[in-house]
Structure formats: structure tokens, C-alpha cells
Amino acid sequence: MSPRYEPTEIEPRWQRRWEESGAFAVRDGDPRPKKYVLVMFPYPSGSGLHIGHAAVYSISDVVARYARMRGFQVLHPMGWDAFGLPAEQYAITHGVHPREAVRRNVDNFKAQLRYIGCSYDWSREIDTTDPSYYRWTQWIFLRLLEKGLAYEAEMPVNWCPALGTVLANEEVIDGRSERGGHPVVRVPMRQWMLRITAYADRLLEDLDTVDWPEFVKRMQREWIGRSEGAEVVFRVEGGGSFEVFTTRPDTLFGSTFCVLAPEHALVSRITTADRRAEVEAYVAAAARKSERERLAADEKEKTGVFTGAYAVNPATGGRVPVWVADYVLAGYGTGAIMAVPGHDARDWAFARRFSLPVVEVISGGDVAVAAHEGDGTLVASGFLDGLDVAAAKRRMTEWLEARGAGRRAVRYKLRDWLFSRQRYWGEPIPVLHRADGRTVPVPDAALPVTLPEVARYEPTGTGESPLGGIPEWVETVDPRDGSPARRETNTMPGSAGSSWYWLRYIDPTNTGSFCDREKERAWMPVDVYVGGTEHSVGHLLYARFWQKVLFDLGLVSHKEPFQRLYNQGVVVAKTWRDADGRPHPAADVDTSGPTPRLRADGRPLTVSLERMSKSKKNGIGIDEAVARTSGDAVRLAVLFIGPPDADKEWTDSSLEGPWRFLLRAWRTVVGPEDGAVALTDAPATGTLRKAVHRAVDGVTRDLEAFGFNTAISKLMVLLNELQAAAPLPRDAAETFVRLLAPLAPHIAEEMWARLGHEDLVCTTSWPVADPAALVDDTVTLAVQVNGKVRGDVTVPAAATDAEAVAAAKAVENVRRHLEGKTIVKEIVVAKRLVNLVVR
RNA sequence: GCCGAAGUGGCGGAACCGGCAGACGCACGGGUUUCAAAAACCCGAGCCCCUUCAUCGGGGCGUGGGGGUUCGAGUCCCCCCUUCGGCACCA
């Protein structure tokens, strides 16, 4: 055995030992209480794992290892979310088949997760691109189809000509593609949709039942965007009618015009002959505008045209002009609004611009200056006069319902989920289009519908999936009756496979079901779900939706999949960019002068803190960091740089402290290079014993609260105490090693073994603090005079307030400040301080 | 613009319920070791001032800025500034 700390020898040895002993494999039927610790599974991209990834996986691993030592049987699995655009793009740019790219990337990811000692049950590894997995993704899709939750529709989609494909909303940033920054335009296309809106209310309500950060819940609530109001029917003069949705039916008397979205079906029908040319030009221009241009237009420059038509305000009976304007969105409400310029800022701006009348119907503001959107008393509103806003809303809605002119209504911002992609690398949607025109599901027994081999997996550029170019795959028969049919060529989005994966880990090899019911009941719900905030709405909303659908089908036992959500912060690093915005690696930067410059040609650079990623050339790979120090040091470092839920900056020196701590721990527990440490079997006593129990107590509480940075600092403090002890009591050393085990597992195992143990430290029990050892016999009180510290005094812990005050007054420097003064008040805070108020 | 989170030494950060601000670490300075250096180890330190040969000691100021509550405020209340996230014509 080497006397030196040699992580390159120690770490792989323990990794092997853990795997061979099946230390992290969980068995069904284990009588211990369960804990399901889940970390968001990664896209196995080609760039490998960097320090930012190490932070997430270290957090969930510490949670899992700690729970094991606390006596739980812990399910802590890992898998690969390998379908979707990133994997496909990588494959295209590197000229290899996505399946091959995924395999290589997975191997690389696994190796790197191994370097930092992640304690996964690898026997439960899943891969969303494996047919034995996506068979069940397809199977769940068919259940959605049966329940009417999947449907086809012509939808305006984000078409990216440069990528030759349709993008999801979350893949479009400011009208450009997330990857590559190419322009994106909106065109209608036949798409598969999932009716997530049918679950809007339940997705909203059940947020109250989960233990998630408030800000995530708020984001989801806002995303779902429930608003209550009324639909109101407006009759058009000369025939026809349209409905508007409003949250302010109380202001109906103040509606002086209506606005239709340019896409509204009624526009062309009601436009009068003299206005037709102008209206058509406006509608055409609006269609040409990308989403981005429409947004950029901002509130100040509202545009619109008059259709020439008039509608009847059902409350006043008066004529109101009908306009077309792109500030009204086709996709929300009814695509038409009643404009109330007196009490809506947008309508007010529009009315100003086009000189439309503004009427005050709620007192309390000055509608000549600005819209009054707040509360007040109804005026100029007939039967509503004198009511407040809330009462007027109710009265008006009743009035509309009684006359058949409207009704109470609820609307959501949430849209149905666009569920098809015109790409190769996704789950084929298991549907057949029969020659007779019927669209039918592929029978369950014929699943999975596997991806065919294809020569070109790039997008065709025409908008059709590459699958469309393989007649022998597309042309098939309906297995029910042998009649000819074409396969659906759309594939599912990347978020499909991740919308139920936590269930597959529970029963990953089941060929008869996506997950055994008994096992599901035993393991669900996920107790802690660790991941980044970037999935706060997308993934987490989809996942909850699928869970609820499966719950309604009686297939799972819980309405919510993730009981507790823990969001780790982003790891950022200095990013050097030139004038063109191109990033440069720190190694190429000369920072010796007043302005940082590129070494090669002296170009000036700017620095900013940005999320670590390969593309920004500001990342450091896990393998590189491990090679420089050790896997344990990397784990400690990413946990020590700051609180786990805050954003943290990684710098070159972030590894220093944790690395030295490990060297010091080794020297203290194992011994210096030239010898072994002197251990004694006599138990720790006195201050050392107190220090050990204080550390047990503190580290335990910190780990319970995800306070990894402070837990590590408490271990550093304990180590200082151990270093001073000679000989070192064995029990103190062993307790230290056990406390260290979840955080730095390799070195802890090695030290545990060298302390003479044959078992694994990761399977031993967590130490328990003796409460008696946590109380001190004496306490040091700060002594203040008029709130300023003038000294301190040590008294027995049992001292009374009077004794404490007496002792305080005896302190030399305190006495000086009391001289010639009268004490008017004496404040004693037990074990903390004495404050003497004088005059 | 709206909503949310956060501003603490040169830096990352700590501080349970309002009770000695700066734990722990980095960088820094000094030292040990070394032919020398690296590594490692030990010691020091918020800033300013007084006292002192150096010490020891004492005082003032300090948690983005301004006000307030309190014996006492990083922590509570009001106003303002900055940074970072989210949403952004959702009627």
C-alpha cells in the first residue's frame, strides 16, 4: 500500500469495487424505506461533460449517498435522452449516423460520470432511442390518441429554411433558431398536437401539492395563464357576428370599437368594398411579418386598419367600428377583442393613434391622460352604475347570459403541444394513413415502429421528414385487414421520451408493460428531482401532463411525478469574446495589459460571465479537471464554490482549496509520505470529542438542507482539530471518514479500508451526534455598552442573568465605559451577550 | 414595461428566530523546507486612526445608497440604485 495519496490508483479501484459488489443496485422488495433520487438525464452531446454538469450530478450523488447511509434503499438511476435536434445536428456536422454518434457519446459520458464517482444503479440504464424503450413512448402516444388527447391539425409552425426543419417554440429565440441563429418564419403545416390544454386546470391546481421552489411554480402558473372572464357576442351590421373574450365584462359600456386579428376568418367577409384594398394589404403584410418583427413593433407604434364594418355593442346598443390590427393575437381567446380604451392601456394607445372615442365607465382615473385599469365605481354604465368592478363583472355576466349575448368563460395562455417533427432522429409516430383515407393507430402488438436505415438523415429541406424518402418503409399495409396504407413520416419531439422516463427506471426491462404496477407503487413518487431551471416550464409541464394521463388511465398511482424539485444554479465562467462576438479560450488570452488581448494577433477582447459550455470556449471538461487533481476534488470543488441553488463562477483556482483539503485529510488520517499516523483506540475526549459531535450535528443538518458548501467547510474545521490531535483517536478519524463519504467517496473508502475495515464506507451507517456533547460547560458572552461591543466574558453555561451581568460589569474595559453613567437597562441574551444601556 | 431573485473584505462565500459581521476557502504577505524553484507545510490579515521601539492595548467606520423601528439591524419596514433570471401587446 502506497503511503501517498494517489487518486489515479485509488479512484478507479473503488469505482470497480462499487460496480463489482453491486453497491448501488437496488432490489425490489427491500424492506427498508425507499428514496427515489432522480437527476435530469442528459443529452449525450459530442462535447462531453464539463464542470457545470459535474455540479448537477455531484448534488444528486451526495443526496443519494447520504440517504443510503441514513438507511434508505435508494433508487438513483441514469440514462440518456438521446433523440432530438442536438443529437441529430451533431450527427450531421460530424458525418456519422446518429445512432453511432449516440453510442460514442454515451460511452464518453459514462466514463466521465464514473470519474467523479457517481453512484448510479447502472443495471437500470435507459436510452430513449432504444426500440425497447421507445416502443413504450409510442404505446403511451396511442393511449393519448385513444383518449382524444392527440389530434392532427393545420398549424402555423416555426419553419427554419436554413435548417430545413420545423422548430419548437423553445428552440426559437427572438425569431431565430436556437442552434445556428438562422431566421425562422411561420407557415401552416399538418401537425400532430397533444391536448395539454385539457389538463390546464389540473396542472395548475396540483402545483399546490408539490414541494417545489416557488419561482418554478409561479413560472408554470404564468405559463398556463388562466384568466376568467366572459365571451361576448357582437352582431355585425348587415349580417354575421363574432365573439370576443374579455376579462373585463364590467367595462362593456365603455367599448367604443372592436378589433379582429389579421388572421380572423371574418375579416374578408365584413370588409366593405371601399376598404378592401387597404385591409387586404394590411393582412398580407401581417402574414409576411415574422413573429419577431411583430414583437419588435412594440406598443408605441400600434398599426391597424378600419374594415368599414360596424358592430353593435350589446350593452349600449350603439354602433362601434370594427378594425383589424396585429396587436390582437389570433391564437388567444377568440382572436377578436372589444376595445375599451378608457380602461385598457393597449386599447387606449390604439384609440389615440386613430382618434377613436375614449369613454370613462369607471371613476378613479383620468382617461384623457391614461387608461384607468384599476378599481373604481362604475359610471355611465346603465344598470351597473354605482357598483365596484368585481360586482359589475358578475352583474354584467349574468345579464349577458340571460339575454344569450355572452357567457362566463375561462381562457388559458397555454397552447396545445406541437408534437410532430419533420426529422429522422425521433420516435416514429405509430399511425397509418390508409388508402381509404382513414388514419388509424398501429396496433399495440405491432410496436415498436422502428426507424429504418436511411442513407441521408439530414432534413430534406422540403419540410418532409427523411422518412418520406423511403418508399419501402412508408408503403405498408394495415395489419388489421391487409389494406394498403402509408406510414406517418413525422417523428416525435425530443421531449417525448423524457416525459415518462422516471417510470421506466423502476422497471427498465419489462417487455409486457412500460412499468409493473406493483413496482411503480413501491417506488413512486420521485422524492427528489434535481435539475436546471431551464426546464421549469417545458419538460416539467410535459412530464406532469403525461403522468396525469397515465394516472387517469389507472396505470400509475400518483397524480404528480416529482414530490420535491431541487434546482441547481448555473456554473458560469469568464468568457472572452472579440469584436465579432467570437469566443476564445482563456489560454489564448493575454491579460497582462490594461485591456485583455488575443495572444495570436493582439485583438482586444471583452470579458463576461456566461454559462459554461463548449461553444463558448469557457468550459473545462470533467476529465481535464480530474486529471489535474482527482475525482473527489472535482466533486468537492463544484459543491464548495457556492450554494447549490445559486449561480457560481468557476475559476482556475476553484480546485485549490478542496484539493489541499484532501491532501491534508490524507496526511492526517493515513499519514505523511514517510510514515503512518499514530492512532489510538482510546476514544476522543474533551474538546476533540466536542468538535467531532459538533461536526456530525452540523454536517447532518447541512446535508438535509442541501447546504453542501457549508457542510464541506465544517469538515475542514473538524480536520483542523484532528490534525492537532496526537495520537489521533480512531473513533474520531472514523467519524470524519463517514461524514466525508458522501462528498468525497473514493478517498473515504480508501481511508476506511486503511483504518482496518473490510466493508464499504458507503454502506455503513451515518454517525449520530450525542446531544450531551453539543452543550458547553462555559459560554463566552459579548458585553455591549449601549449596543457597542466593549469586551467579552466567559461564564458557566448555567449562570443566571444576574451572574452574567455581574461578570460583565467586572470587565476592565466595560467598567471604563460605565464610569460616571447610570445603567438604565440590562439585557441578557442567553449564551450570546449582555447589553448594558447607560445614560 | 411587468414579475421574481440577489447586492457582505482584493475574490468565492458564511452568519439558526433581530444578538460579537466576515466561518471556510482562494488570492496576497511573511516564514519553514530547498543549491534554487515548484509543490507542500506553518503564521498573518476588513478598512482607517490613536498609543507603542515592536508588542500589548484602545477608538472610529464598515453588509449597494438614503431614511425608519429597536437596547441592538446583513437580517424587519419605507424610498431609491445596480445586477441576474423569467415574461413580454394573452384582452
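Chain identifiers are assigned alphabetically (A, B, ...) following the order of the sequence lines, protein sequences preceding nucleic acid strands; residue numbering begins at 1 within each chain.
For A/Arg790, the side-chain atoms get nearest to B/G59 when compared with the rest of B/A91, B/G59, B/C24. Checked against B/G58, B/C3, B/C26, the side chain of A/His817 finds its nearest nucleotide in B/G58. Residue A/Val789 places its side chain closer to B/A21 than to any other of B/A14, B/A21, B/C3.
Using a 4.0 Å heavy-atom distance criterion, A/Arg664 is classed as a sugar-phosphate-only contact. Heavy atoms of A/Gln784 sit under 4.0 angstrom from at least one base atom. As judged by a 4.0 angstrom heavy-atom cut-off over every strand, A/Gln723 is placed among residues touching the sugar-phosphate backbone only. At the heavy-atom level, A/Lys788 lies under 4.0 Å from the strands shown only through sugar-phosphate atoms. A/Arg411 comes within contact range of no nucleotide atom at all, as no heavy-atom separation falls under 4.0 Å. Using a 4.0 Å heavy-atom cutoff across all strands shown, A/Val829 reaches at least one base atom of the nucleic acid. As judged by a 4.0 angstrom heavy-atom cut-off over every strand, A/Asp347 is placed among residues making no nucleic acid contact.
Within 3.5 Å, a donor on the side chain of A/Lys302 pairs with an acceptor on the base of B/C89, or the reverse.
Remark: A/Arg667 is in phosphate contact with B/C41, judged by side-chain N or O atoms under 4.0 Å from OP1 or OP2.
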